[in-house]
Amino acid sequence: MRKISFKKKVFSFLFLSLVFLLFSCGVNEETPVTPKEKETVNTSEKEFFEKILTKVLSVTTDVSGGSATVFYEEGDDLYAVTNCHVIKGAGEIYLSAFSYEKKRHPAVCIWKSEEYDLALLKAEGLKKEYPALTPVTFIKEDNTFVGQRVYFAGNFESSGISVDCARVGRLGEYLSLPTLDKTLPFIRLRGDIPQGASGGPVFDENGEVLGIVTARRTDTSEGYALDSFTVQYVVSEVIKKGYATCFDFGIEVKNIGGIVKDEPNQIAVSSLKIGSLASAFLKVGDVIKAIKINDETFRVPFSHVFSRLLLNVKEEDNITIEYIRGGKDEKYAFTVHKRYIKEIN
């Protein structure tokens with residue numbers, strides 16, 4: 001038998017190993033991610049954040065700071081919505097765009113409401129200075145759900161505009177703050193909401209706005225966003241008429257039901273303002289099933305849905321409230337008198 005030298009054995013082993021390695025690479029069934037594909041994924045995410053950053057502004061005043069949401073454009077002028085508390089006591093107001101925070105543009109407050117904690121700012125020539133700035137798009141349908149991932153942008157800690165994410169913790173939550181209207185529906189945001197985020201927009205995964213950051217808890221850093229349907233209605237009214245009104249029904253409601261399987265969600269009266277229209281026929285504990293506004297009937301499974309519907313009620317509208325008291329179905333119809341339409345202050 002012919003003996004193979006040690007050197008030849010080593011050479012043969014290395015040669016066979018190389019052939020096996022090349023063969024393995026050639027028949028690998030996995031499709032590698034090409035640099036082009038990686039670039040596409042990163043570009044898509046990059047474009048999303050670049051898009052939403054053109055819709056938020058930094059607010060600086062001589063007393064405080066915060067954020068603002070680009071709401072409307074008119075020629076070279078831009079209108080931005082922020083919270084009333086962001087500009088409270090301010091003598092001078094300045095707006096800045098993303099990556100241009102050191103370049104401040106003057107703005108004026110043309111309307112504000114402590115009841116709704118909203119303020120509308122006008123910045124003449126801001127669109128001309130920053131052509132990339134564009135108004136936000138609000139969600140058309142309420143598909144927001146608990147657990148949903150959302151993105152919020154703003155002037156965090158007054159250190160410049162940035163973006164972070166959170167989860168929807170609860171819908172239709174009401175806040176008890178001294179000057180705030182207690183019937184306003186808020187979205188609870190579970191996440192670390194920093195100071196300075198107030199007035200900034202909250203986006204869904206499509207880049208549409210579902211709320212405006214308004215408050216944060218000091219104990220958990222969770223935040224609250226004012227419902228976008230409320231913001232859009234009120235600010236649009238102000239832009240068109242110079243003021244906004246709402247139907248003063250004099251009622252607070254709470255969510256009930258939905259605990260037992262197959263039991264529909266419902267709302268019940270939790271409080272009534274003395275002398276209000278609602279107190280004329282409703283009682284605490286009554287379950288509200290539906291509201292008919294003129295010729296259209298709306299079921300009201302959640303308190304924030306009811307609040308939105310009331311916001312759109314106008315003078316001379318014909319309203320019918322369907323409710324349950326003591327297990328018995330009741331209804332009450334009325335026409336809205338102008339004394340029940342109040343200006344939002």
Side-chain angles (χ1 to χ4, degrees), residues 54-98 100-130 133-136 138 152-156 158 160-161 175 177-181 184 186 195-202 209 211-216 224-246 311 342-345:
T54 64
K55 303 175 185 300
V56 61
L57 295 163
S58 169
V59 180
T60 306
T61 75
D62 49 347
V63 293
S64 62
S67 310
T69 300
V70 181
F71 188 88
Y72 175 73
E73 62 182 350
E74 188 178 57
D76 293 332
D77 303 336
L78 284 180
Y79 294 81
V81 61
T82 187
N83 293 130
C84 185
H85 74 262
V86 169
I87 61 163
K88 187 174 183 179
E92 298 177 344
I93 303 172
Y94 299 95
L95 300 177
S96 303
F98 173 67
Y100 294 94
E101 282 86 355
K102 292 184 179 180
K103 192 174 182 181
R104 304 188 305 175
H105 192 99
V108 294
C109 176
I110 60 175
W111 177 88
K112 61 182 177 180
S113 166
E114 290 191 343
E115 283 183 309
Y116 281 60
D117 198 5
L118 289 174
L120 183 61
L121 309 178
K122 181 179 181 181
E124 295 183 355
L126 186 58
K127 177 69 175 180
K128 184 177 182 180
E129 188 171 352
Y130 303 109
L133 291 174
T134 53
V136 295
F138 290 94
F152 60 96
N155 180 25
F156 305 157
S158 298
I161 297 173
L175 304 183
L177 297 175
T179 60
L180 201 65
D181 187 317
L184 294 179
F186 285 85
Q195 289 185 340
S198 289
V202 181
V209 172
I212 300 293
V213 178
T214 301
R216 67 188 289 270
Y224 296 92
L226 181 58
D227 178 278
S228 65
F229 292 92
T230 303
V231 175
Q232 189 175 17
Y233 166 79
V234 172
V235 179
S236 295
E237 286 280 289
V238 171
I239 289 175
K240 287 188 295 185
K241 304 186 301 184
Y243 64 95
T245 59
C246 66
L311 193 64
K342 71 167 187 175
E343 185 173 340
I344 296 172
N345 297 309

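Sequence positions, counted from 1, serve as the residue numbers for this chain. Owing to the predicted nature of the structure, the values given are computational and were not obtained by experimental measurement.
Nearest heavy-atom pair, Asn155 versus Val59, reported as atom, atom and distance to 0.1 Å: ND2-O, 3.9 Å. Contact detail for Ile212 and Pro201: the closest heavy-atom pair is CD1-CA, 4.1 Å. Closest non-hydrogen pair, Ile161 versus Ser58, comes out as CD1-N, 3.6 Å. When all heavy atoms of Ala153 and Val56 are compared, the closest pair comes out as O-CG2, 3.8 Å. When all heavy atoms of Gly196 and Ser67 are compared, the closest pair comes out as O-OG, 2.5 Å. When all heavy atoms are compared, the tightest approach of Ile87 to Cys109 is CD1-SG, 3.5 Å.
Asp227 places a side-chain N or O within donor-acceptor distance of the main-chain N or O of Thr230, the cut-off being under 3.5 Å. The backbone N or O of Glu92 lies less than 3.5 Å from no partner atom in the side chain of Thr61, so there is not a single donor-acceptor pair. Judged by distance alone, the side chain of Asp77 and the main-chain N or O of Gly125 form a donor-acceptor pair under 3.5 Å. In this structure, the side chain of Asn83 engages the main chain of Asp117 through a donor-acceptor pair within 3.5 Å. Side-chain atoms of Tyr224 never come within 3.5 Å of backbone atoms of Val213 as a donor-acceptor pair (strictly under, hydrogens ignored).
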Exercise. Could you please spell out the steps behind the side chain to side chain donor-acceptor pair (under 3.5 Å) verdict for Ser96 and Lys103?
Key: CA-CA 6 Å; Ser96 303; Lys103 192 174 182 181; over 6 Å; no
Practice problem: Check step by step if salt bridge (charged side-chain N to carboxylate O under 4.0 Å, His left out) holds for Glu115 and Lys342. | Solution: CA-CA 12 Å; Glu115 283 183 309; Lys342 71 167 187 175; 3.1 Å; yes
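With respect to Glu74 and Lys127, no salt bridge is recorded, no charged nitrogen being found less than 4.0 Å from a carboxylate O. For the pair Glu343 and Lys241, the salt-bridge criterion is not met [side-chain N within less than 4.0 Å of a carboxylate O].
Interatomic distance, CG of Leu120 versus CH2 of Trp111, reported as 8.0 Å (0.5 Å rounding). Note: Thr214 OG1 to His85 NE2 = 7.5 Å, rounded to the nearest 0.5 Å. Residue Leu226 holds its CG atom at 11.5 Å from OG of Ser198, rounded to the nearest 0.5 Å.
Leu126 pairs in a side-chain contact (heavy atoms from CB on, under 4.5 Å) with only one of the listed residues (Leu57, Asp76, Leu121), which is Leu57.
Residues Ile344 and Val234 are in side-chain contact: their nearest non-hydrogen atoms beyond the backbone lie under 4.5 Å apart. Side-chain atoms of Phe138 and Val209, non-hydrogen and from C-beta on, do get closer than 4.5 Å to each other.
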